[in-house]
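Counting starts at 1 for both ligands and their atoms, following the listed order. Only a predicted model underlies this, so the values are computations on that prediction, with no experimental measurement involved.
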Amino acid sequence: NKRFRVGVIGSGNWGTAVAKIVAENCLEKPYLFHRDVKMWVREEEVSDMKLTDIINSYHENVKYLPEVTLPFNLFAEPDIRKVADGADLLVINLPHQFLGSVCDQMKGIDFSKSSAISCLKGINVSADGVELLHDVVEKKLGLHCGVLSGANIASEVARERWSETTIAFPLPSWYQQGDADDNLIKELFYRPYFHVQVSDDVCGASISGALKNVVALGAGLVEGAGWGDNAKAAVMRRGLLEVIMFGNVFFPGKCRPETFTTESAGVADLITSCAGGRNVKVGRAFARTGKPLEVIEKELLNGQSAQGIITGREVMELLTATKKEDEFPLLGAIYDIVHNKLHISNLPERIAD
Ligand code: NAD
Ligand code: 13P
C-alpha cells in the first residue's frame, strides 16, 4: 500500500501547531504515512541563531509557538523546494498575503500526483474579482486542494486543549483511485484533542474563516471602547449575517448555508475569534490608542499577522468596485472606523436593521 509523504509549508503560530498535529499522526500511523515530516521555515535569526537550527535542536519554535514541545520527527527546513518536492500531501499554512509569492517559489515542481490542504484564512481580491485561496493554490501549483478551517486558536490546539475543526476535501472527477481521499485527510489531522468534521463545502468554510477576522476586529473595537458584552454580541450577530450574505452575493449557489451556522468553520470560529484571537486584540488596542493597525500589529504580535487588517481592506475594495457597500454596513463601518476616522459612537446607527 502507498504511504503518503507529508510536507508542511509555513511555520508561524498556526503553521507550527498544525505541523505538530500532522507529525504526531505520521509517527503513529506508519502504515499510512512516512514518519518524517519536513516543515518549511522562512529563515530568520533569533537571538543570534537560525530559527531552523533552534527548532531542530530544541524541538521548539521559540519565535512563533513558544513553550510547546514539537515531535522529534518534525524537521525545520529553510529550502521550500526540499519540502515540496516529493511530498504527496502539502499542508499549506501561512498569512494569506504571502500565498502567491510562496507558491511561486515552488514553480516547476511536478505536483501531478500530489494534493494539498489550505489552512489559511483569507481571500484574494484583484481587478478580476474575488478568489478563494484553495483555488489560488490549485491554479498556481496544479494540484487538488481542500480546506481546513475551524474554531482553532493555535496556542490552545498546540497545548492539546480540545477543539473541533472542519475539513472540506471534495474529490474532483479526475481523481485517481489510490490518491488521497477525505478518509486519509481525516487520519492525518484527527487527534483526540482535535476533532475533525468532514464537509464538502470548501466555499462556505473558506468564506467564514476569512470574513470572521474582520468581524473580530470590530468586536475588538467595541471592547476597547469600553462597551459591554451585549454590544460585542450585536457585532457578532450582524457579522455572521454579513458573512452569510458575502457567500450569497459573491459565490451564489456555491456555499451550504448550514456551514455558517452549524460547523466549526462557521459560527464557532466567529465566537472563539471574537473572544480570544489576535484580531480582537488589535481592534481593542486601536480603540484605546488610535495608532495605525499595522503599528499595533507590530507592537503586539511579534511577527505574527492579524489577517483581518488586510482582509478588511480587500473586502472594502471588492464592495466598492461592485457598488455593494450599502449591503454590508458592519464591514463598511469597521473599515471607516479604522481608516477614515469614523467615531465608534456611529457604529450602532450604521448597522441598525
Ligand atoms: P503567523 O501570523 O504566525 O505569521 C508568521 C509567519 O509568517 C512566520 O512563519 C513567518 O516566517 C511568515 N512570514 C513572514 N513574512 C513572510 C514572507 N514575506 N513570506 C512568507 N512568509 C512570511 O501565521 P499563522 O498563525 O501560522 O497563520 C497562518 C494562517 O492560519 C493565517 O491565514 C491565519 O489566519 C490562519 N489561522 C491562524 C490561527 C492562529 O490561531 N494563529 C488559527 C487558525 C487559522
Ligand atoms: P486570530 O488570527 O484572530 O488569532 O484568529 C485565529 C483563528 O482563526 C481561530 O480560529
Main-chain N/O of A151 paired with S264 side-chain donor or acceptor, under 3.5 Å: yes
Main-chain N/O of G204 paired with T259 side-chain donor or acceptor, under 3.5 Å: no
D201 and S199 side chains, donor-acceptor separation under 3.5 Å: no
Test log, rule side-chain contact (heavy atoms from CB on, under 4.5 Å), inputs Y175 and D181: CA-CA 9 Å; Y175 230 51; D181 59 16; 5.5 Å; no
Atoms of ligand 1 close to L94 [distance to a heavy atom under 4.0 angstrom, numbered from 1]: 28 (C), 29 (C), 31 (C), 32 (O)
From R278, K281, Q304 - option closest to atom 1 (P) of ligand 2 by heavy atom: R278
N93: numbered ligand 1 atoms lying under 4.0 Å from its heavy atoms: 28 (C), 29 (C), 30 (O)
Residue-ligand contact P95/ligand 1, heavy atom below 4.0 Å: yes
Ring geometry between F246 and F251 (parallel below 30°, tilted from 30 to 60°, perpendicular above 60°): tilted
Ring centres under 6.0 angstrom apart (Y190, H195): yes
Test of proximity, W14 against ligand 1: N or O pairs below 3.5 Å: yes
Within reach of ligand 1, part of Y64 (heavy-atom separation under 4.0 Å): side chain
Subset of ligand 2 atoms that lie under 4.0 Å from at least one heavy atom of N152: 9 (C), 10 (O)
Shortest heavy-atom approach to atom 40 (O) of ligand 1 - which of A19, G15, A154: A154
Check: P170 main-chain N/O paired with H144 side-chain donor or acceptor under 3.5 Å: yes
Nearest-contact summary for atom 9 (C) of ligand 2 - protein heavy atom, Å: D269 OD1, 3.4 Å
Nitrogen or oxygen of K212 less than 3.5 angstrom from that of ligand 2: yes
Closest protein heavy atom to atom 1 (P) of ligand 1, given as residue, atom name and distance to 0.1 Å: R278 NH1, 3.8 Å
Per-residue contact class, N279 against ligand 2 - non-hydrogen pairs under 4.0 Å: both
Ligand 2 to G277 polar contact by distance, N or O atoms, under 3.5 Å: no
Atom 11 (O) of ligand 1 - nearest protein heavy atom and its distance: R42 CB, 3.6 Å
T166 backbone acceptor or donor facing Q197 side chain under 3.5 Å: no
salt_bridge(E294, R313) N-O dist < 4.0 Å: yes
same_hphob_cluster(V196, L32) at 4.5 Å side-chain heavy-atom cutoff: yes
L120 vs I92 side-chain heavy atoms within contact, under 4.5 Å: yes
Donor + acceptor pair across side chains of D269, S273 (<3.5 Å): yes
Heteroatom proximity flag, L120 to ligand 1, N/O under 3.5 Å: no
Nearest neighbour in protein (non-hydrogen) for atom 2 (O) of ligand 1: S305 N, 2.8 Å
K29 side chain to E187 backbone, donor-acceptor under 3.5 Å: yes
Atoms in ligand 2 flagged as close to K121, the criterion being non-hydrogen separation under 4.0 Å: 7 (C), 8 (O), 9 (C), 10 (O)
Heavy atom of S11, distance to ligand 1 below 4.0 Å: yes
Any K63 heavy atom less than 4.0 Å to ligand 1: no
Where ligand 1 meets G303 - atom numbers and elements under 4.0 angstrom, heavy-atom basis: 4 (O), 5 (C)
N279 side chain to L217 backbone, donor-acceptor under 3.5 Å: no
Residue portion contacting ligand 2 (non-hydrogen atoms closer than 4.0 Å) for Q307: neither
Member of L319, V125, V214 meeting the side chain to side chain contact (heavy atoms under 4.5 Å, CB included) criterion with E314: V125
Q304 neighbourhood, listing ligand 1 atoms whose heavy-atom distance to it stays under 4.0 Å: 1 (P), 2 (O), 3 (O), 4 (O)
Polar proximity ligand 1 side, H96 side, N/O cut 3.5 Å exclusive: no
Flag, side chain of T16 to backbone of S11, donor-acceptor distance under 3.5 Å: yes
I153: numbered ligand 1 atoms lying under 4.0 Å from its heavy atoms: 40 (O)
Ligand-side contact atoms (ligand 1) for residue partner C119, heavy atom cut-off under 4.0 Å: 30 (O), 35 (C)
Sub-4.0 Å atoms of ligand 1 with respect to non-hydrogen atoms of N152: 40 (O), 42 (C), 43 (C)
Close-contact set for ligand 1 against V102 heavy atoms, below 4.0 Å: 20 (C)
Closest approach of any protein heavy atom to atom 14 (C) of ligand 1, naming residue and atom: F98 CE1, 3.6 Å
K121 and ligand 1 - part of the residue with a heavy-atom distance under 4.0 Å: both
